[in-house]
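Counting from 1, the numbers follow the sequence of the chain as shown.
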Amino acid sequence: MTQTHSILLGAPVDSGKRNMGCLMGPDAYRTAGLADTLAELGAPARDLGNITPAPLRDVTGANPALHALAETVAWTEALIPAARDAMRAGFPIFLGGDHSLSLGTVAGVAAHAKSVDRPLFVLWLDAHSDFHTPDTTDSGNLHGTPVGYVTGRDGFGMFPALPAIVPENQVCLFGLRSVDAAERAALVERDLVIHDMRAIDENGIVAPLNTFLDRVRAANGLLHVSLDVDFLDPMVAPAVGTTVPGGATVREAHLVMEILHDSGLATSLDLVELNPFLDERGRTASLMVDLTASLMGRKVFDRPTHSFG
């Protein structure tokens, strides 16, 4: 990897949706042995603990469905500088927390990329495109908006001004299988790189992923990877409140991570939407730790066997 010193930063964000539990995610990753696993791989982790949100402000939006807007804005205000500073210190792994944390982490990573005059690319491993704005979301759940925010869509006036916008064609949505009508209409008009599960089934994982990584390499870019639990099939990763059948298998997910490691391009990572309340004896947390290990260099013959009995 580009960075070998890992920075763990907990972001117990639980405001981006209504079903609670993601605030327990950071401690679940710690309990599952993430730091020890990284140390064994030669990427010793410095755990900075959990970040706290900024003070609440009186913010409002036109959409009456919006849930916990002020809380999510406060998390974003805290996470942007925290993510920027973590990038300066090593390879940050942001322990979520629901996916609204990426409003702040990606924006902060983009700020760092701008400061070192390198383009930022984003690989979004998720069942959902998260391309809504506060105005377009029917559910009002702001974990469905971070890609819209960081690419500069209108409607985010109540959020911090972006230090740097991520160009749409530098964002790859990989593994989509649940996109609602408003997002689909917006995506058709935009320039994001999209590989839904049908395309992956038809063309495989390796070619489309390597095509995107070739662009990152050619541009001397930084690469932020945002891994949502629901990228995985719920049969293997049940600890998520937004289960969508037909996700990546364990084999496919490890392949993605091993390709990323081999590329040497990834420079930061989100682990999001883990809800330990919905897990089965820690199996999802352990799988996410194993996937992180593959990203950091563990090969298939090094992988431990877990017992959940």
(request) Answer with yes or no whether the hydrophobic clustering places Leu260 together with Phe212; edges join I, L, V, M, F, W, Y residues whose side-chain heavy atoms lie under 4.5 Å apart. (result) yes
(message) Which heavy atom of Ala266 sits nearest to which heavy atom of Leu295, and what is that distance?
(response) CB-CD1, 4.1 Å
(request) Using the rule that two of Ile, Leu, Val, Met, Phe, Trp, Tyr join whenever any of their side-chain heavy atoms come within less than 4.5 Å, decide whether Ile51 and Phe159 are in one cluster. (result) yes
(request) Answer with yes or no whether the side chains of His132 and Thr145 bring together a donor and an acceptor at under 3.5 Å. (result) no
(message) Glu252: which residues meet the side-chain contact (heavy atoms from CB on, under 4.5 Å) condition with it, sequence neighbours left out?
(response) Ile205, Ala248, Thr249
(request) Could you pull out the closest heavy-atom pair between Pro92 and Ala86, with the gap in Å? (result) CB-CB, 3.7 Å
(request) Mark yes or no for whether Thr137, through its side chain, and Thr133, through its backbone, hold a donor-acceptor pair below 3.5 Å. (result) no
(message) Just to verify, what does His143 make a ring-ring contact (aromatic ring centres under 6.0 Å, His included) with, not counting sequence neighbours?
(response) none
Got a list of side-chain donor-acceptor pairs under 3.5 Å for residues 168-178, not counting sequence neighbours?
residue : atom : partner : partner atom : Å
Glu168  : OE1  : Asp191  : N            : 3.3
Glu168  : OE2  : Arg190  : NH1          : 3.1
Gln170  : NE2  : Leu120  : O            : 2.8
Arg177  : NE   : Val244  : O            : 3.0
Arg177  : NE   : Pro245  : O            : 3.1
Arg177  : NH1  : Asp230  : O            : 3.1
Arg177  : NH2  : Asp230  : O            : 2.6
Arg177  : NH2  : Leu232  : O            : 3.3
Arg177  : NH2  : Val244  : O            : 2.7

(message) Would a single hydrophobic cluster contain both Trp75 and Leu66, if residues Ile, Leu, Val, Met, Phe, Trp and Tyr are joined by side-chain heavy-atom contacts under 4.5 Å?
(response) yes
(message) Between Arg298 and Glu258, does any side-chain N to carboxylate O distance fall below 4.0 Å?
(response) no
(message) Is any side-chain heavy atom of Leu48 closer than 4.5 Å to one of Ile7?
(response) yes
(message) With a 4.5 Å cut-off on side-chain heavy-atom distances among I, L, V, M, F, W and Y, is there a chain of contacts connecting Leu287 to Ile93?
(response) yes
(message) Looking at Arg18, I want to see if its CZ is surrounded by more than 12 non-hydrogen atoms of other residues, nucleotides or ligands under 6.0 Å.
(response) yes
(request) Tell me whether Met24 is reachable from Leu274 by hopping between hydrophobic residues (I, L, V, M, F, W, Y) whose side-chain heavy atoms are closer than 4.5 Å. (result) no
(request) Might you point out which heavy atoms bring Trp124 and Ser102 nearest each other, and give the distance in Å? (result) CH2-CB, 3.6 Å
(request) Return yes if some donor-acceptor pair links the side-chain N/O of Asp180 with the main-chain N/O of Glu183 below 3.5 Å, else return no. (result) yes
(message) Heavy-atom count check: over 12 atoms from other residues, nucleotides or ligands less than 6.0 Å from Asp154 CG?
(response) no
(message) If I compare all heavy atoms of Pro119 with all of Asn220, which pair ends up nearest, and what's the gap?
(response) CD-O, 3.9 Å
(request) Would you mind reporting whether Leu38 and Leu8 have side-chain heavy atoms less than 4.5 Å apart? (result) yes
(message) Any carboxylate oxygen within less than 4.0 angstrom of a Lys/Arg side-chain nitrogen, looking at Asp27 and Arg30?
(response) yes
(request) Could you tell me which non-hydrogen atom of Gly104 sits nearest to which non-hydrogen atom of Ala83, and how far apart they are? (result) O-CB, 4.2 Å
(message) For Phe121, does the six-membered ring have the charged nitrogen or CZ of Arg215 within the cation-pi criterion, i.e. under 6.0 angstrom from the centroid and within 45° of the normal?
(response) no
(message) Please check: side-chain N/O of Asn275 versus main-chain N/O of Gly241, any donor-acceptor pairing under 3.5 Å?
(response) no
(request) Spell out, as yes or no, whether a donor-acceptor pair under 3.5 Å connects the side chain of Asn63 to the backbone of Pro134. (result) yes
(message) Minimum heavy-atom separation for Lys17 and Glu273, please, with both atom names.
(response) CE-OE1, 4.1 Å
